[in-house]
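Below is one structure, written out as structure tokens, with a few remarks after it.
Letters A, B, ... are given to chains in the order of the sequence lines, protein chains preceding strands, and every chain is numbered from 1.
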2 protein chains.
Amino acid sequence: MGSPITTVYSRIKRLEDSGVIRGYKPVLDAARLGRPTTAFILASITYRTPGVEETLDQRLIAQEVARFPEVQEVHIITGDWDLLIKVKGRDVADIGRFVVDKLRTVRGIEKTLTCMVFDTAKETLDLPL
Amino acid sequence: MGSPITTVYSRIKRLEDSGVIRGYKPVLDAARLGRPTTAFILASITYRTPGVEETLDQRLIAQEVARFPEVQEVHIITGDWDLLIKVKGRDVADIGRFVVDKLRTVRGIEKTLTCMVFDTAKETLDLPL
DNA sequence: CCGATCACCGTAAAAATTACGGGTACAACC
DNA sequence: GGTTGTACCCGTAATTTTTACGGTGATCGG
């Protein structure tokens, strides 16, 4: 059978104290919260602040984008684009409003390419081990 | 001050019973678990099973990719590529091994484009409200 | 006005988690 | 070999969290 219950608890406590487990969060149902639609948005960036190092600037813009509550992820990436942004909204029109009215008004956002999600096979922050 | 404790509990219970809260998960520290490196991989797909409807096929391939434990997200998307995959690994070489040894051996995966993440400003499954 | 429904909120019971301490395994060191 | 230190296991008992179960008031439709 399994280990004694107090052993299990002390192992969990060890993971919490060591920082492997940072905390706990509810797993939410996006559809029931009115956001069944997912999109990924690629964005490029201009450097509006001469004299400031560029990566710092990108990080600040990324942080700005991250402040929108409908944004779940913001990554600075390699390749043809600078930023990869994941958003959840009510429908395509809602995603459109986010891109046009919010994202494109952020200073430094130059150009965007929106990529809608048809279907999601997996979406988690789980890690092996 | 806040609401009475039993009121808070009954509100949470309502969210659980109604399905808005599906459950609870630990928030893990990817770096401490040996996976500090994130990559997004775009993949295109071939249709190896004539006579089978294509979207079904794509869904099956997506499910196959989703079985790898280092994969956190698999989405079927609009645009030039079919699949968007998010992976966490030890380093770039580890991501490379995943793409070459695992992802490209999945039947139906045709072509891939790997995009490394330099920095992540936000990464969550939280939702507004 | 009435009945039904729903959320609020208290007490008391039940269940979960923690605190604490003894025991064991293992490695480093003298 | 013996000793020391560390880390984990695991039990009892205390503590805290969570649930069960009403009673109350607000709201809504008829």
For [X] and [N], what is the distance between atoms [atom1] and [atom2] respectively, to the nearest whole Å?
X: K13(A); N: dA19(C); atom1: NZ; atom2: P; answer: 6 Å
X: I12(A); N: dC10(D); atom1: CD1; atom2: C1'; answer: 15 Å
X: I5(A); N: dC9(D); atom1: CD1; atom2: P; answer: 13 Å
X: L15(A); N: dC8(D); atom1: CG; atom2: P; answer: 10 Å

Within less than 4.0 Å of OP1 or OP2 of [N], is there a side-chain N or O belonging to [X]?
X: R14(B); N: dC8(C); result: yes
X: T7(A); N: dC10(D); result: yes
X: Y9(A); N: dT17(C); result: yes

Is there side-chain contact between T38(B) and V87(B), with at least one heavy-atom pair below 4.5 Å? no
Interatomic distance, I45(B) atom CD1 to L83(B) atom CG [nearest 0.5 angstrom]: 4.5 Å
Taking NZ, NE, NH1 and NH2 as the nitrogens, is one of them in E123(B) or K88(B) under 4.0 Å from a carboxylate oxygen of the other? yes
Please report the shortest heavy-atom distance between V100(A) and T105(A), naming the atom on each side. O-CG2, 4.1 Å
If you only use heavy atoms from C-beta on, which nucleotide in dA20(D), dC10(D), dC9(D) is closest to the side chain of R11(A)? dC9(D)
